[in-house]
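Indexing begins at 1, ligand by ligand and atom by atom, following the structure's order. All values below were derived from every heavy atom in this structure, side-chain atoms included, with hydrogens, water molecules and symmetry-related copies excluded.
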Amino acid sequence: MADFAFARRTRLRGGDELTAILAGSPPGVLSMTGGFPNPATFPTDELGELAARLALEDAAVALQYTPCAGIESVREYLIDRQEQLQGQRPERAELIVTSGGMECIALMCQALIDPGDTVAVEAPSYLGALMAFAAAEADVVAVAMDDDGLRVDALAERLAAGARPKFVYTIPEYQNPTGRTLPLDRRRELVELCRRYGVLIFEDVAYRELSFDGTSLPSLWSLAPDVVLQAGTFSKSFFPGVRLGWAVGPRDVVAELAAAKQNTDQCAGGLGQRLVEEYGRSGGFERHLPDARAIYASHWAALSAALGWHMPEGVEWTEPTGGFLTWLTLPEELDAFAIRPAAVAAGVAYVPGPPFHVRDGGRNALRLSFSHLTETELEAAVGRLAAVVRANATSVQGMPLATRRTSRSPDERPRAR
Ligand SMILES: Cc1ncc(COP(=O)(O)O)c(C=O)c1O
């Protein structure tokens, strides 16, 4: 067979963890890997009629190529929607339609990253973004987080020491992979800091509309539209099959993203754009999102109770207030990659921590998604995972089963639903 000479960037790609997540788990394995929305949240009752109507009545627009920046009426709708949700109305030149959050990350790389340029990220951060930054040959600098998300003081130290990242990539709410949310005071500090140094913030709001209680803090973009480029997606709030999102931010950055789009897919799919617009204008998000939020809140409650019930002392996890994800820290001596085969053999899958880190880190951590499995499955999955942890961690082997039960009231015992 011929020996094809693949591009250098194929060797910068990192592992195949993302491909594995998207492929799903084998039958019999309860998968807590992907940040997949729950299919019960898909608006199947309305989509068929909507798509049929667009095909019949709007084929010349919905089935045609569209301008790079998006169909005019769709941009108009998205401008209205940002004003409604974020209290800040972008100008026309400040918003484009994208083919989803991941495409916006790729466009940001094309528009801003030359090989060797610095990009700052949270440690840990979204796997897809880290892979894109690595493939763009960026020098990726990790900034520490704590329970309240990005440590702005740590970023300030880096900037004071001379670091000048092309942008700071951050996921302020229900962060991937930790589920953490940046409080308002830190949001203000972050935008002020970046303004002072003239550093662009790249705000990824993938899970923003999925708080458990329906409330949200001001977005970074709404606080500082002059220094924040925001990437939004309809993957979690509508459905990922539509592959659609938006970018809003300073007009010169948005113009470069629109220009870069000529080199990716040239335009987002017209049918998906018009679906979002029609669905949104008819109040679809207001009708469906409360139910979606209730599903995820209830799933988190089930997972949280199961973790409290099954996990031994020495295992810690984050407490998200929205989104799909929690981050588990295992006893120090455990390696999340090393015990994964045992977990899969026991019928449970997760994503180990290291791929979410730029260099070292996350060895004894793992990410769990609670969006997709049923609540009964979540409890079973945690039971299986806890058994694997006990079997492999010398520090907890001798401990009685369900050590934490004593510290939780019996009412917190997870119930099958
Ligand atoms: C934080 C974050 N950003 C971006 C994406 C990609 O979104 P999209 O499906 O719109 O490409 C995801 C998907 O899981 C994500 O978690």
Side-chain angles (χ1 to χ4, degrees), residues 17-24 31-39 41-42 70 78 96-110 119 121-133 135 140 145 149-150 167-182 201-211 216 219-221 228-249 257 261 264-265 268-269 272-273 275-276 292 296 318 320 322-327 350-351 353 355-357 367-372:
E17 204 59 48
L18 204 78
T19 307
I21 293 170
L22 290 173
S31 175
M32 291 192 280
T33 55
F36 288 21
N38 194 304
T41 67
F42 297 160
L78 292 178
I96 60 165
V97 179
T98 66
S99 299
M102 194 57 221
E103 195 217 9
C104 191
I105 292 169
L107 295 175
M108 285 291 282
C109 290
Q110 285 203 37
V119 168
V121 300
E122 293 156 342
S125 186
Y126 171 48
L127 180 53
L130 295 184
M131 289 170 67
F133 300 153
V140 186
M145 300 177 87
L150 180 73
F167 53 74
V168 179
Y169 173 72
T170 177
I171 308 163
E173 46 270 316
Y174 332 126
Q175 196 244 14
N176 186 352
T178 64
R180 292 173 181 143
T181 295
L182 196 70
I201 298 173
F202 181 13
E203 176 187 33
D204 184 335
V205 292
Y207 299 92
R208 179 173 167 80
E209 290 176 47
L210 293 172
S211 65
S216 47
S219 67
L220 298 174
W221 172 74
V228 179
L229 186 292
Q230 180 186 87
T233 175
F234 288 101
S235 288
K236 321 290 178 179
S237 57
F238 195 37
F239 60 99
V242 75
R243 309 302 303 132
L244 211 74
W246 71 90
V248 62
L257 299 184
K261 204 163 162 55
T264 57
D265 59 0
Q273 293 189 49
L275 276 176
V276 165
Y296 297 126
T318 56
F324 300 173
L325 307 166
T326 183
W327 182 250
Y350 56 81
V351 188
F356 300 101
H357 283 269
R367 189 189 76 173
L368 296 181
S369 166
F370 51 85
S371 56
H372 191 63

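Atoms of ligand 1 lying under 4.0 Å from at least one heavy atom of Met102, given by number and element, are 6 (C), 7 (O), 8 (P), 11 (O). Within the listing of ligand 1, atoms 13 (C), 14 (O) sit less than 4.0 angstrom from a heavy atom of Lys236. Applying the 4.0 Å criterion to heavy atoms of Asn176 picks out, from ligand 1, the atoms 1 (C), 15 (C), 16 (O). Per-residue contacts place Thr233 under 4.0 angstrom from the following atoms of ligand 1 (heavy atoms of the residue considered): 8 (P), 10 (O). Within the listing of ligand 1, atoms 1 (C), 2 (C), 3 (N), 15 (C) sit less than 4.0 angstrom from a heavy atom of Ala206. Near Ile171, meaning under 4.0 Å from one of its heavy atoms, ligand 1 places the atoms 1 (C).
The residue from Val205, Asp204, Leu244 that puts a heavy atom closest to atom 3 (N) of ligand 1 is Asp204.
In summary, Lys261 and Glu103 engage in a salt bridge, as defined by a charged side-chain N under 4.0 Å from a carboxylate O.
When hydrogens are left out, the protein atom nearest atom 6 (C) of ligand 1 is Tyr126 OH, 3.5 Å; that is the closest non-hydrogen contact.
Of the listed residues (Thr178, Thr318, Asn176, Thr33), just one forms a side chain to side chain donor-acceptor pair (under 3.5 Å) with Arg367, and that residue is Asn176.
Contacts between Ser235 and ligand 1, counted as non-hydrogen atom pairs separated by less than 4.0 Å, involve the side chain only.
Tyr207 counts as a contact of ligand 1, since one of its heavy atoms falls under 4.0 Å from the ligand. Under a 4.0 Å heavy-atom criterion, Arg243 is in contact with ligand 1.
Aromatic ring pairs are classed by plane angle as parallel below 30°, tilted from 30° to 60° and perpendicular above 60°; the pair Phe356 and Trp327 is perpendicular.
The minimum heavy-atom distance between Pro124 and Pro177, with the atom names listed, is CG-CG, 3.6 Å. Residue Leu325 comes nearest to Pro320 through the heavy atom pair O-CG, 3.4 Å, listed as atom of the first residue, atom of the second, then distance.
To the nearest 0.5 Å, atoms CG (Leu130) and CD1 (Ile105) are separated by 9.0 Å.
Between Phe167 and Phe133, a ring centre-to-centre spacing shorter than 6.0 Å is recorded.
Side chains of Tyr126 and Asp204: no donor on one and acceptor on the other come within 3.5 Å.
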